[in-house]
There are 2 protein chains.
Amino acid sequence: MFDALRNHIEKIIPLTEEEVELIASFFTARSYKKGQFVFQEGEPLTKHYFICKGLLKLVYTDTDAREHIIGFAMEDWWESDFEAFYTQQHTTLSLICLEDTDLLYITLEGYKTLCRTLPKIEHFFLEKAYFGFIAAQKRILSTLTSNTSERYRQLLERYPTLVQRVPKAQLAAYLGVSRETLSRISL
Amino acid sequence: MFDALRNHIEKIIPLTEEEVELIASFFTARSYKKGQFVFQEGEPLTKHYFICKGLLKLVYTDTDAREHIIGFAMEDWWESDFEAFYTQQHTTLSLICLEDTDLLYITLEGYKTLCRTLPKIEHFFLEKAYFGFIAAQKRILSTLTSNTSERYRQLLERYPTLVQRVPKAQLAAYLGVSRETLSRISL
DNA sequence: ATAGGGGAGTGATCCAGATCACTCCATAAC
DNA sequence: GTTATGGAGTGATCTGGATCACTCCCCTAT
């Protein structure tokens with residue numbers, strides 16, 4: 001399970017055996033069943049999650065109890081409510097398993113200590129943050145420029161495996177359209 | 001002009017006089033008039049801009065020549081086409097001045113060298129990247145959960161000075177609605 | 001002073017997508 | 001087997017926003 005994390009980090013920065021040991025010592029493994037909440041709206045959030053196996057959704061639930069999907073997260077991704085994590089506030093989001101999943105997590109204190117002990121890891125996190133930002137900006141651009149059908153096509157293109165793994169209603173909640181509208185779309 | 005950058009960085013990491021000198025040596029100042037392009041779609045982009053004074057829009061122009069505003073940028077902000085910058089591709093975006101503006105820029109090579117020479121600066125950029133990502137995610141969430149009127153209200157709340165500084169049509173292009181619709185909105 | 005141009009409001013019409021109400025499966029549970 | 005239960009399609013109706021066409025106003029250049 002730690003191997004997944006190690007390979008993931010080494011794609012960006014080389015590590016010695018000792019560094020791998022050091023990093024691993026900051027992470028804890030945990031498994032969840034489909035449907036379980038990794039964290040839930042209103043909780044304090046002090047962890048940052050790396051997904052070894054599985055599929056999750058990051059969700060905002062509005063006052064009418066509607067779920068809006070901010071993002072899906074799968075193998076080799078990091079997920080968290082970043083704002084709550086860094087600003088030490090309670091979450092406004094929930095992270096929910098769409099499949100049985102295996103996670104590794106690091107606490108905020110662990111994260112800070114790790115960055116102090118092994119500064120080059122910040123380079124790794126910086127890379128992740130940049131690409132997360134770029135992806136978010138692209139999604140914004142896609143809502144500005146494309147209609148629903150086109151955005152659905154883009155979604156399928158970007159995550160080809162997703163259609164097989166989640167019900168269409170979840171894809172609709174990600175695109176911000178109704179289940180019915182998505183069902184009526186012909187590509 | 002460099003003072004603005006210095007104060008900006010020192011809000012996150014402390015700097016010695018020598019470090020300030022070092023950093024300043026990597027940046028070049030440049031001024032633009034209202035309406036000028038800082039960079040334009042199709043160009044190779046190897047610079048990262050810090051805005052000392054002024055107001056700009058980051059824009060995607062679609063095949064029908066419509067402008068979609070990915071973001072506004074003002075005093076103390078960084079702007080660039082991050083994807084083009086890091087992946088060394090040609091830009092798909094344009095950065096256009098909405099007011100006379102003063103910028104400082106760093107090249108990609110300069111950026112890399114600076115990070116190698118002064119690793120703690122990566123901590124600074126990491127912080128910026130995280131908060132950029134968080135802001136982008138919030139904007140996505142706002143398009144998922146709120147109607148146009150509510151999103152307009154949020155925009156005014158977040159950037160209260162913006163209404164006085166840019167024509168309403170620009171705000172419409174940011175929100176992804178037509179000029180006419182925005183004009184019909186009562187708050 | 002006059003003309004031209006950019007910003008903004010507004011009416012009429014049209015359409016994409018929401019909503020509600022249903023049907024038709026599969027698969028799992030009794 | 002029979003019955004829930006969740007996923008998916010579809011028809012009818014309604015509405016927010018796009019689009020087009022226009023007016024009005026203010027500012028700047030001639």
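To find a chain, count down the sequence lines: A is the first, B the second, and so on, and within it residues start at 1.
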**Request:** Can you sort out the partners of A/Glu41 under salt bridge (Lys or Arg N to Asp or Glu O under 4.0 Å), two or more places apart, ordered by chain and number?
**Result:** none
**Request:** Apply side-chain contact (heavy atoms from CB on, under 4.5 Å) to A/Ala29 and list each qualifying residue two or more places apart in sequence or on a separate chain.
**Result:** A/Met1, A/Leu104
Show every donor-acceptor pair shorter than 3.5 Å between a side-chain atom in residues 49-60 of chain A and any protein atom, with sequence neighbours excluded, or say none if there are none.
unit_1: A/Lys57; atom_1: NZ; unit_2: A/Glu67; atom_2: OE1; d: 2.8
unit_1: A/Lys57; atom_1: NZ; unit_2: A/Gln170; atom_2: OE1; d: 3.0

**Message:** Test of understanding: with salt bridge (Lys or Arg N to Asp or Glu O under 4.0 Å), list the residues that count as partners of B/Glu19, not counting sequence neighbours.
**Reply:** B/Lys120
**Message:** So, using salt bridge (Lys or Arg N to Asp or Glu O under 4.0 Å) as the criterion, who are the partners of B/Lys47 when residues are at least two apart?
**Reply:** none
**Request:** Measure the angle between the two terminal helix axes of the helix from C/dA1-D/dT30 to C/dC30-D/dG1, five base pairs each, and quote it to 10°.
**Result:** 30°
**Prompt:** What residues form a salt bridge (Lys or Arg N to Asp or Glu O under 4.0 Å) with A/Lys138, not counting sequence neighbours?
**Reply:** B/Glu83
**Item:** Atom-to-atom span, CZ of B/Arg151 to P of D/dG16 - whole angstrom
**Value:** 15 Å
**Asked** Which of residues 165-174 of chain A sit near DNA chain D, with a heavy atom under 4.0 Å from it?
**Response** A/Pro167, A/Lys168, A/Ala169
Could you write out each protein N or O paired with an N or O of nucleotides 23-30 of chain C at a distance under 3.5 Å?
none

**Prompt:** Can you give one letter per nucleotide of nucleotides 24-30 of chain D, 5' to 3': B if a protein heavy atom sits under 4.0 Å from the base, S if only from the sugar-phosphate, - if neither?
**Reply:** -------
**Rounded interatomic separation in angstrom, taking CG from A/Leu144 and C1' from D/dG17** = 15 Å
**Asked** Mind checking whether A/Trp78 and A/His48 have parallel, tilted or perpendicular rings, split at 30° and 60°?
**Response** perpendicular
**Message:** Take a 6.0 Å sphere around CZ of B/Arg30 and say whether it holds more than 12 heavy atoms from other residues, nucleotides or ligands.
**Reply:** no
**Message:** What does the B/S/- profile of nucleotides 10-18 of chain C look like, 5' to 3', with a 4.0 Å heavy-atom cutoff to protein?
**Reply:** BBB----SS
**Request:** Could you tell me the separation between the NZ atom of A/Lys34 and the C1' atom of D/dG6, rounded to a whole number of Å?
**Result:** 10 Å
Would you be so kind as to tabulate the donor-acceptor pairs closer than 3.5 Å made by side chains of residues 108-115 of chain B, with sequence neighbours excluded?
unit_1: B/Tyr111; atom_1: OH; unit_2: A/Tyr130; atom_2: OH; d: 3.2
unit_1: B/Thr113; atom_1: OG1; unit_2: B/Glu109; atom_2: O; d: 2.8

